[in-house]
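These values consider heavy atoms only, across backbone and side chains, with no hydrogens, waters or symmetry-generated copies.
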Number of protein chains: 2
Amino acid sequence: MNSFQPTEQRLAVTLRHYPAFPREPAILVRLVKHIYKRVHDDANAVLKPWGISHPEYNILMMMYGTEGYTLNPSQLADAAGEKSANITRLSNQLCDKGLIERTASDEDRRKVTLTLSKAGLAMIGEFLPAICALLERQTATLKVAEMAQMEKLLKKFLDQLEQS
Amino acid sequence: MNSFQPTEQRLAVTLRHYPAFPREPAILVRLVKHIYKRVHDDANAVLKPWGISHPEYNILMMMYGTEGYTLNPSQLADAAGEKSANITRLSNQLCDKGLIERTASDEDRRKVTLTLSKAGLAMIGEFLPAICALLERQTATLKVAEMAQMEKLLKKFLDQLEQS
DNA sequence: TGTATTTATTTCATAAATGTAATATCAACA
DNA sequence: TGTTGATATTACATTTATGAAATAAATACA
């Protein structure tokens, strides 16, 4: 019934061929992949009317979530989970669209300061209702306690990933 | 201490700016993104000695997990969660490397049959121990019950994503 | 049979992501 | 002060992913 079944089915066969294969970890990794792809596609679809992509949205939201709407590329890379080369490209795009502004920092001239522009702030105000609706829809059947539980478990998973 | 903190911190500020923003759903989506990136990078690193990428690995494993090691591109797209254009490119690469074979189907000549080659099967046998070790490491701190719980919750999440 | 529809796959143009190297500034300290 | 090493950012080349259109075979059915 769901898109995961073909994947899960193949894992069962894999286990018959290779019994040492760790089923649970593999299931989790594959579920995460499926979910990520879906979430990514959905976000792109919702954002299309504003002409921005999901990664661009993430950048904008990380700036929106920063006091003063200002940070520099390396902080942005951390917050958005993108590599620095991607940050350069994405912030160029957003500059071209007039949504953020780039200025050289005075104290440390290696640094660059990125700030949300008025237009960027305005656009966020426009698409946020659609994004909120999407997020609500995507989790409509999940109970609050389930989401909290998932958050806890995913954080533990991420922690372990980063240590290993 | 972990890479998610900057992201979570920004979500807190976002909520002050825009209280209607659904915190839990947003947290989950961002955790999934972080986890996926990490898992993807780790797998690429482990597979590098064999000269294959994570998506190529996924293709090979979906074939390994199929009776007769044979399927056609559209089944493969479903199982691997890749778009069909990607399947063409990836299966071309794997053909070039001699890991899979492509033949025209007799019953339905629109279809193409992809089969794991002897070399492909052999390579899987070689890298599986390293992959198993990776999966075990990545989930070392997770208890069996926690993984089972996460599987259940992630499946429910994915189901909802696909219906909305 | 002939025509229209649907399904399977690929091609091609474009966009997105990544790794590596290059550039520039800063900090430390002899 | 000058030199060294570290850090921040960007540029460039390459790989990877995607969407949309093209091709070709199967199916439905008038």
Can you give the donor-acceptor pairs under 3.5 Å from side chains of residues 71-80 of chain A to other protein atoms, not counting sequence neighbours?
from    : atom 1 : to      : atom 2 : distance (Å)
A:Asn72 : OD1    : A:Ser74 : OG     : 3.4
A:Gln75 : OE1    : A:Asn72 : N      : 3.0

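- We find that NZ of B:Lys111 is positioned 18 Å from C1' of D:dT23, with the value rounded to whole Å.
- Counting atom types as modelled, A:Arg110 pairs no side-chain N or O with a base atom of D:dT9 as donor and acceptor under 3.5 Å.
- With B:Leu161 as reference, A:Asp42 is the one residue of A:Asp41, A:Thr139, A:Asp42 to meet the side-chain contact (heavy atoms from CB on, under 4.5 Å) rule.
- Both A:Asn92 and A:Asp108 lie near DNA chain D, and the one whose nearest nucleotide falls closer to the 5' end is A:Asp108.
- Ion pairing between A:Arg89 and A:Glu56 fails under the 4.0 Å rule for side-chain N and carboxylate O.
- Contacts with DNA chain D (heavy atom under 4.0 Å) in residues 53-87 of chain A: A:Asn72, A:Pro73, A:Ser74, A:Ser84, A:Ala85, listed by number.
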Taking only distance into account, with no hydrogens and no angle test, what donor-acceptor pairs under 3.5 Å do side-chain atoms of residues 21-29 of chain A form with protein atoms, sequence neighbours excluded?
from    : atom 1 : to       : atom 2 : distance (Å)
A:Arg23 : NH1    : B:Glu151 : OE1    : 3.4
A:Arg23 : NH2    : A:Glu8   : OE2    : 3.0

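- Taking 4.0 angstrom as the limit, B:Arg109 places none of its side-chain polar atoms (N or O) nearer than this to OP1 or OP2 of D:dT23.
- The nearest whole Å value for the distance from the NE2 atom in B:His40 to the C1' atom in D:dA17 is 10 Å.
- A straight line from CZ of A:Arg89 to P of D:dA11 spans 13 Å, rounded to a whole angstrom.
- Taking atom CG of residue A:Leu94 and atom P of nucleotide D:dT10, one finds them 13 Å apart after rounding to whole Å.
- A donor-acceptor contact under 3.5 angstrom links the side chains of A:Arg102 and A:Asn92, judged on distance only.
- Nucleotides of DNA chain C lying under 4.0 Å from heavy atoms of chain A occupy a range whose first and last members, 5' to 3', are C:dA16 to C:dC26.
- Between the CD atom of A:Glu107 and the P atom of D:dT7 there is a distance of 17 Å, given to the nearest Å.
- A:His40 is linked by a ring-ring contact (aromatic ring centres under 6.0 Å, His included) to A:Tyr36, A:His54, counting only residues two or more places apart in sequence or in another chain.
- B:Tyr69 has its ring centre less than 6.0 Å from the ring centre of A:His17.
- Judged purely by distance below 3.5 Å, without hydrogens or angles, the side chains of A:Thr66 and B:Arg10 pair a donor atom with an acceptor atom.
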Run the side-chain donor-acceptor check on residues 115-128 of chain A: report pairs under 3.5 Å with partners two or more places apart or on a different chain.
from     : atom 1 : to       : atom 2 : distance (Å)
A:Thr115 : OG1    : A:Thr70  : OG1    : 3.1
A:Ser117 : OG     : A:Gly98  : O      : 2.7
A:Ser117 : OG     : A:Leu99  : O      : 2.9
A:Ser117 : OG     : A:Ala119 : N      : 3.3
A:Ser117 : OG     : A:Gly120 : N      : 3.0
A:Glu126 : OE1    : A:Trp50  : NE1    : 3.1

